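None of these values were measured; they are calculated from a predicted model. Index from 1, following the sequence.
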Amino acid sequence: RWSGAQLMAALELHGLAFGRYQVFHRKHVDGRSLFCVASLIEPGTFDVAGMAETEFRGVTLFAVLPGPMEPLATLDELYGTARGLAEALSGMVQDAKGMPLSPQRAAALREDVARFQASLPGN
């Protein structure tokens, strides 16, 4: 478990800012969200006014593709941030099933995104 103060500091350190939908966003230079960080606790939103006094057991990172960058570049940014947050918070990067994200699973997800990117118009 992380204190809300620890979590907020780690999110800000990794370039995430609280915003729309009451989640944290990594913004692209054009102002659009590159990806978001939500709480694992339903409904997934953060109450920043009381966040410092709240404990969190995890967060989820997600992106809507395609976005302002190529999908693979977005995935790389998301993975890098997930690893950085895990390190800063003494946490662990897990997949959607709650299992540690293995190099094999990460590679499979990357292949899925590469196929998606190749299917986009103009590719």
Side-chain angles (χ1 to χ4, degrees):
R1 294 188 181 269
W2 311 309
S3 75
Q6 282 177 300
L7 179 57
M8 257 197 310
L11 291 168
E12 290 171 2
L13 179 70
H14 287 86
L16 292 138
F18 185 73
R20 193 173 182 190
Y21 306 118
Q22 296 178 291
V23 297
F24 285 81
H25 300 259
R26 166 73 63 76
K27 298 281 185 154
H28 186 261
V29 293
D30 70 4
R32 293 186 289 165
S33 284
L34 193 55
F35 59 86
C36 299
V37 178
S39 172
L40 275 183
I41 304 301
E42 291 291 334
T45 57
F46 294 99
D47 172 13
V48 288
M51 191 168 165
E53 295 80 39
T54 306
E55 280 195 344
F56 294 87
R57 63 180 181 92
V59 294
T60 185
L61 284 74
F62 64 93
V64 176
L65 301 175
M69 290 175 40
E70 287 189 341
L72 283 171
T74 300
L75 182 66
D76 291 342
E77 287 283 325
L78 187 148
Y79 276 170
T81 299
R83 287 189 299 268
L85 289 171
E87 185 175 317
L89 296 165
S90 299
M92 172 190 316
V93 178
Q94 298 176 327
D95 65 15
K97 295 179 181 174
M99 300 299 296
L101 185 65
S102 67
Q104 296 82 4
R105 180 69 181 129
L109 289 169
R110 198 167 202 293
E111 287 174 21
D112 289 346
V113 172
R115 275 193 297 280
F116 171 74
Q117 184 171 315
S119 74
L120 294 173
N123 285 321

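Applying the salt bridge (charged side-chain N to carboxylate O under 4.0 Å, His left out) test to every pair with at least one member in residues 22-37, sequence neighbours left out, gives these pairs: Arg26-Glu77, Asp30-Arg32.
By the neighbour-count criterion of 12 heavy atoms within 6.0 Å, atom CD of Gln94 is densely surrounded, having more than that number from other residues, nucleotides or ligands. Other residues, nucleotides and ligands contribute at most 12 non-hydrogen atoms within 6.0 Å of the CD atom of Glu87. Shown here is Phe62, whose CZ atom has more than 12 heavy atoms of other residues, nucleotides or ligands within 6.0 Å.
For the atom pair Leu78 CG and Leu109 CG, the distance stands at 10.5 Å (nearest 0.5 Å). Annotation: the span from Met8 atom CE to Phe24 atom CZ amounts to 6.5 Å, rounded to 0.5 Å. Between Leu101 atom CG and Arg83 atom CZ the span is 8.5 Å, to the nearest 0.5 Å.
Cluster annotation: Val48 is connected to Leu85 through the hydrophobic network of ILVMFWY side chains, with a link wherever side-chain heavy atoms come within less than 4.5 Å. Under the 4.5 Å side-chain heavy-atom criterion for Ile, Leu, Val, Met, Phe, Trp and Tyr, Leu40 and Phe18 are members of distinct hydrophobic clusters. Placement of Val64 and Leu34 in two distinct hydrophobic clusters is found when ILVMFWY residues are connected by side-chain heavy-atom separations under 4.5 Å, directly or transitively.
Ala38 and Gly44 make their closest contact through CB-O, 3.2 Å (heavy atoms, listed as atom of the first residue, atom of the second, distance). In terms of heavy atoms, Ala63 sits closest to Phe35 at CB-CB, 3.8 Å. Contact record, Ile41 with Arg57: CD1-NE, 3.3 Å, taken as the closest heavy-atom pair. Closest non-hydrogen pair, Val59 versus Phe46, comes out as CG1-CZ, 4.1 Å. Summarising the geometry of Leu89 relative to Gln6, their closest heavy-atom pair is CD2-O, 3.8 Å, with the distance given to 0.1 Å. Looking at every heavy atom in both residues, Val23 comes nearest to Cys36 through CG2-CB, 4.1 Å.
Between Thr54 and Ser39, the closest side-chain pair of non-hydrogen atoms is not below 4.5 Å. Proximity of Trp2 to Ser90: side-chain heavy atoms (C-beta onward) are nowhere separated by under 4.5 Å. By the 4.5 Å heavy-atom criterion applied to side chains, Gln117 and Leu75 are not counted as neighbours.
His25 places a side-chain N or O within 3.5 Å of a backbone atom of Arg20 that can act as its donor or acceptor partner.
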